[in-house]
Amino acid sequence: MKIATWNINGVKARIDALTTWLKEAGPDVVCLQEIKSVDEGFPLDAVAAAGYQAAVHGQKGFNGVAILAKRPIEDVQRGLPGDPEDAQARYIEATLSGDHGRAVRVAGLYLPNGNPIGTEKFTYKLAWMERLSRRAKDLLALEMPVVLAGDFNVIPEPKDARNPANWASDALFQPGSRAALRALVAQGWTDAVRATMPGADVYTFWDYQAGAFQKNDGIRIDHLLLSPEAADRITAVGIDRHVRGWEKPSDHVPVWVDLEV
DNA sequence: ATGGTTGGTAGCCAA
């Protein structure tokens with residue numbers, strides 16, 4: 001089962017790129033972030049024409065997540081538990097079945113950016129990460145293949161940025177953000193990309209500004225965290241970097257893992 | 001160099 005995550009930065013602006021990539025890559029499951037659309041505005045017809053069903057958790061103007069899949073999307077949960085006051089659409093969970101009939105629980109998440117630091121936005125980011133850790137612990141206890149897939153908005157280590165010094169005062173690279181991600185991973189999750197691509201210059205995001213992609217001035221912030229039951233079944237991991245060079249690209253590219261399930 | 005670019009929306013805000 002090929003499971004991908006992609007922050008598409010607006011589903012309406014990216015519908016051509018999305019359908020082109022779906023046909024090219026043929027993932028079984030896709031977690032989308034920043035759809036920037038209400039549920040009713042999601043292009044279900046275009047996605048269906050490409051062979052995918054969709055479960056959408058949208059919001060007007062900002063945020064918004066969705067799960068696309070070739071097979072039925074079951075037991076959908078919208079929203080991250082732990083704060084009934086939180087109205088931001090950043091989390092969706094569902095169960096998918098693989099070719100061999102094994103169920104995989106997939107969480108698609110869009111972790112808060114948190115900039116600028118020193119404001120309530122950064123406080124919200126850390127609180128959201130605490131809630132994610134609590135949910136992740138419950139998911140591990142299921143002792144089944146689970147994938148946490150999304151834009152985590154955290155640069156784990158200096159080698160995950162071409163120019164780490166440029167991110168020193170950014171919420172994505174704060175010691176508190178990095179420590180919270182380390183604590184989450186230390187519960188027992190496997191960072192699939194880092195585990196299979198241990199070298200430098202492995203990035204998933206390049207800013208639109210200042211020719212960042214041309215200079216390969218990227219960062220690695222889109223992650224796939226696998227439970228032990230999922231990590232044991234990895235057959236391939238990839239980053240579709242070439243998509244960043246397409247016309248009208250998102251600033252993020254698809255990241256995927258293939259599981260034997 | 002506090003710039004630069006993009007998307008959603010209709011003012012600027014978020015990234």
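Letters go in sequence order (proteins before strands), and every chain restarts at 1.
Judged as a side chain to side chain contact (heavy atoms under 4.5 Å, CB included), and not counting sequence neighbours, the contacts of D99(A) are R71(A). For the salt bridge (Lys or Arg N to Asp or Glu O under 4.0 Å) test, no residue two or more places apart in sequence or in another chain qualifies with D232(A). In terms of the salt bridge (Lys or Arg N to Asp or Glu O under 4.0 Å) criterion, E157(A) has no residue partners (sequence neighbours excluded). Partners of W206(A) according to the ring pair (Phe, Tyr, Trp, His ring centres under 6.0 Å) rule, which considers only residues two or more places apart in sequence or in another chain, are F213(A).
Taking the P atoms as reference points, dG3(B) lies 15 Å from dC13(B), given to the whole Å. Between dA14(B) and dT9(B), the two C1' atoms lie 12 Å apart (nearest whole Å). Of the C1' atoms belonging to dG4(B) and dA15(B), the separation is 13 Å, rounded to the nearest Å.
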I'd like a table of donor-acceptor pairs (distance under 3.5 Å, sequence neighbours excluded) in which one partner is a side-chain atom from residues 142-152 of chain A, with atom names and distances.
| from | atom 1 | to | atom 2 | distance (Å) |
| --- | --- | --- | --- | --- |
| D151(A) | OD1 | N153(A) | N | 3.0 |
| D151(A) | OD2 | N7(A) | ND2 | 2.9 |

Acceptor/donor pairs from residues 54-69 of chain A side chains to any protein atom, 3.5 angstrom cut, sequence neighbours excluded:
| from | atom 1 | to | atom 2 | distance (Å) |
| --- | --- | --- | --- | --- |
| Q59(A) | OE1 | N63(A) | ND2 | 3.3 |
| Q59(A) | OE1 | A89(A) | N | 2.8 |
| N63(A) | OD1 | R90(A) | NH2 | 3.3 |
| N63(A) | ND2 | Q88(A) | OE1 | 3.3 |

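Within residues 171-181 of chain A, no residue places a heavy atom under 4.0 Å from DNA chain B. For DNA chain B, the residues of residues 58-68 of chain A within the heavy-atom distance limit of 4.0 Å (strictly under) are K60(A), G61(A), F62(A), sorted by number.
Both S37(A) and Y208(A) sit near DNA chain B, but only Y208(A) has its closest nucleotide nearer the 5' end. Residues Q88(A) and K12(A) both approach DNA chain B. Their nearest nucleotides, taken by heavy-atom distance, put K12(A) toward the 5′ side.
Note on Y110(A): only backbone sugar-phosphate atoms sit closer than 4.0 angstrom, heavy atoms only; bases stay farther off. Counting non-hydrogen atoms under 4.0 angstrom, R90(A) reaches the backbone sugars and phosphates but no base.
Residue pairs meeting the side-chain hydrogen bond (donor to acceptor under 3.5 Å, both in side chains) criterion with at least one member in residues 121-130 of chain A, sequence neighbours excluded, are D86(A)-Y124(A). Sorted by first and then second residue, the salt bridge (charged side-chain N to carboxylate O under 4.0 Å, His left out) pairs involving residues 182-209 of chain A (not counting sequence neighbours) are D160(A)-R194(A), R162(A)-D201(A), D191(A)-R220(A).
Protein chain A contacts DNA chain B over a range whose 5' and 3' limits, counting nucleotides with an atom under 4.0 angstrom from a non-hydrogen atom, are dG4(B) to dA15(B).
Judged by distance alone, with hydrogens and angles left aside, the side-chain atoms of E93(A) form no donor-acceptor pair with the main-chain N or O of G79(A) at under 3.5 Å.
Ring centers of W21(A) and W6(A): under 6.0 Å apart, within the cut-off.
Hydrophobic cluster membership for F173(A): I155(A), W167(A), L172(A), F205(A), I219(A), I221(A) (Ile, Leu, Val, Met, Phe, Trp, Tyr linked by side-chain heavy atoms under 4.5 Å, directly or transitively).
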